[in-house]
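Indexing begins at 1, ligand by ligand and atom by atom, following the structure's order. Computation of the quantities below employed the complete heavy-atom set of this structure, encompassing side-chain atoms and omitting hydrogens, waters and symmetry-equivalent molecules. Treat the numbers as computed from the prediction; the structure is a model and nothing was measured.
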Amino acid sequence: MAQLWGGRFTKETDQKVYDFNASISFDQRLYRQDIRGSMAHVRMLARQGILTEEERDRILEGLSSILEDVEKGNLEITAQYEDIHSFVEANLIQRIGEAGKKLHTGRSRNDQVALDMRLYVRDEVKVTDGLLYELLKVLLDIMEKHVDTYMPGFTHLQKAQPVTLAHHVGAYFEMFRRDRERLGDLYRRMNYCPLGAGALAGTTYPLDRDFTAELLGFEGPTRNSMDSVSDRDYAVEYLFALSLIMMHLSRFSEEIILWNSNEYQFLELDDAYSTGSSIMPQKKNPDIAELVRGKTGRVYGDLMGLLTTMKGLPLAYNKDMQEDKEGVFDAIDTVHACLDLFTGMMDTALFHPEAMEASAKRGFTNATDAADYLVNRGVPFRDAHGISGRLVLKCLAKGVALDDLSLEEFREESPVFDEDIYEAISMKNCVDKRLTKGAPGRKAMEEEIRESRDYLEKTGVFA
Ligand code: ARG
């Protein structure tokens, strides 16, 4: 047991209490952020004349050597310390002696941990953004290749109207693009430095909070000191953004699972991204997509966990807040792995355009276009709807698609039909006539793709 307090205690902490209280087993992953924050703090203290330059330099050297040793694996972070803050400070004192005891001047672990978590989340938001960017690139490549790949668009999971694979994938492009914007929003909102808030009420030392904030790349210091040490909104916001990413990945996974099934055969996942069965030799399972879908629940759980932890907390810091970490770490690890794997899976998937088009035809997705054909020749829409419906009935009885009916059969329902009906209801025509902005028609889709390509080129990876 090595702890930073003890002066007012007359008894040793019970070992079980110590273990229950300790956070080192998980907050050790904050060691870089903790050291970085301490370095900025010490620079500021010396600039304000609270430490001498010599003390500053000794502390900085000590902190650098700890960082280096941990990175190189020469210094192990062990359970003998209560948390990462105690670990770093105790090691510093061991290494440089008296000067090390001055590091914590004008600081509390409350503003220290608030800073560490913010720095950590800020770093990870950028990683999430980079992974989304990679996924968007892969999706856009698929879109570019499949502007003419016709497939059924569904509502109620019933075939509705023909779209293209480019258009369908483009819908997900929009979702992940919004996810990036959401990360950008929360990044801007959280980019303020809580250091200098002290335990809750600031400090009597003449700290320059603007300077520390600047050193750490923040927009500026946070305002109210009580809020600064007890605010975890940014972590909740990040968990929400991560949850929404998972929701999007999960919906997409569900479709990939369906499309990869024997019934659909719209695509085949690469062998490298599929798994087999221990008993059924013929099986090739979409486990990655299923796991991504499954892990969505656990990320939602992390969000609900933190919201619930925070809901009854009086101001300012309470130990409950130590519970912010594991959920956030778990969500980050989970989402980053899911994004990475999902991107690889999509990049290697093999699409089957013929199967998609055949399915669109079999599902009468051009029945609306047959009705529109009549409307364009003066038949009122309500009548045209009925005629087209009866044609579908006829096809169902014969087990054929609309395109397979003879002109006579068309004419039995309406004399308005002519030879050009076949062209009018061809998948190509049905899709390419849909030219409203955002629709699947070739021209509209090419415009959407151009805009998306521009967006990717302009925004680069989040900075
Ligand atoms: N391990 C603690 C946490 O993660 C650090 C802050 C401790 N502060 C305190 N007053 N006990 O929240």
Side-chain angles (χ1 to χ4, degrees), residues 1-9 11-38 40-41 63 66 70 77-93 103-124 190 193-203 212 222 224-236 238-239 302 305-333:
M1 282 189 233
Q3 50 208 18
L4 298 170
W5 38 272
R8 65 98 67 215
F9 289 79
K11 264 192 187 174
E12 281 280 301
T13 320
D14 181 277
Q15 185 64 43
K16 272 195 249 170
V17 172
Y18 180 84
D19 293 342
F20 188 68
N21 196 44
S23 52
I24 189 99
S25 64
F26 49 87
D27 69 13
Q28 54 176 283
R29 71 154 95 181
L30 300 174
Y31 74 91
R32 283 197 199 96
Q33 288 76 14
D34 194 73
I35 291 175
R36 193 169 167 217
S38 289
H41 182 61
L63 289 171
I66 294 172
V70 176
I77 304 176
T78 55
Q80 137 197 36
Y81 302 94
E82 181 187 336
D83 53 29
I84 189 62
H85 326 298
S86 326
F87 166 83
V88 172
E89 194 174 322
N91 265 278
L92 183 70
I93 295 168
L103 167 66
H104 210 51
T105 314
R107 189 174 69 171
S108 155
R109 269 187 301 165
N110 298 349
D111 59 345
Q112 185 178 1
V113 77
L115 171 68
D116 291 4
M117 266 307 267
R118 252 184 224 240
L119 287 173
Y120 185 81
V121 166
R122 208 177 61 166
D123 290 344
E124 295 300 320
M190 72 168 290
C193 182
L195 199 63
L200 76 164
T203 134
T212 337
T222 50
N224 183 292
S225 64
M226 291 180 84
D227 178 53
S228 304
V229 289
S230 54
D231 169 29
R232 296 294 182 274
D233 291 1
Y234 65 89
V236 174
Y238 186 34
L239 285 172
D302 293 327
L306 185 55
L307 280 170
T308 312
T309 294
M310 296 302 295
K311 79 178 262 292
L313 297 190
L315 291 177
Y317 179 85
N318 300 270
K319 190 72 174 204
D320 314 46
M321 292 163 113
Q322 178 165 292
E323 287 292 311
D324 63 352
K325 291 176 196 60
E326 283 163 293
V328 170
F329 296 160
D330 177 68
I332 291 171
D333 294 347

Within 4.0 Å of some non-hydrogen atom of Q322, the atoms of ligand 1 are 1 (N), 2 (C), 3 (C), 4 (O), 12 (O)
Checking side-chain polar atoms at under 3.5 Å, does R107 have a donor or acceptor matched by the opposite partner on T203? no
More than 12 heavy atoms from other groups under 6.0 Å of NZ on K319: yes
Distance to 0.1 Å, residue and atom name: give those for the protein heavy atom nearest to atom 6 (C) of ligand 1. Y317 OH, 3.5 Å
Only heavy atoms count here, so choose which of N110, L30, L200, D320 is nearest to atom 8 (N) of ligand 1. N110
Strictly by modelled atom types, are Y120 and R29 linked by a side-chain donor-acceptor pair under 3.5 Å? yes
Would you check the N or O atoms of K325, main chain and side chain alike, for any that come under 3.5 Å of an N or O of ligand 1? yes
Of the protein's non-hydrogen atoms, which lies at the shortest distance from atom 11 (N) of ligand 1, and what is that distance? R109 NH2, 3.9 Å
Using a 6.0 Å cut-off, check whether atom CD of E323 has over 12 heavy atoms from anything other than its own residue. no
Looking just at side-chain N and O atoms, do D116 and Q112 make a donor-acceptor pair shorter than 3.5 Å? no
Using a heavy-atom cut-off of under 4.0 Å, does the side chain or the backbone of H85 touch ligand 1, or both, or neither? side chain
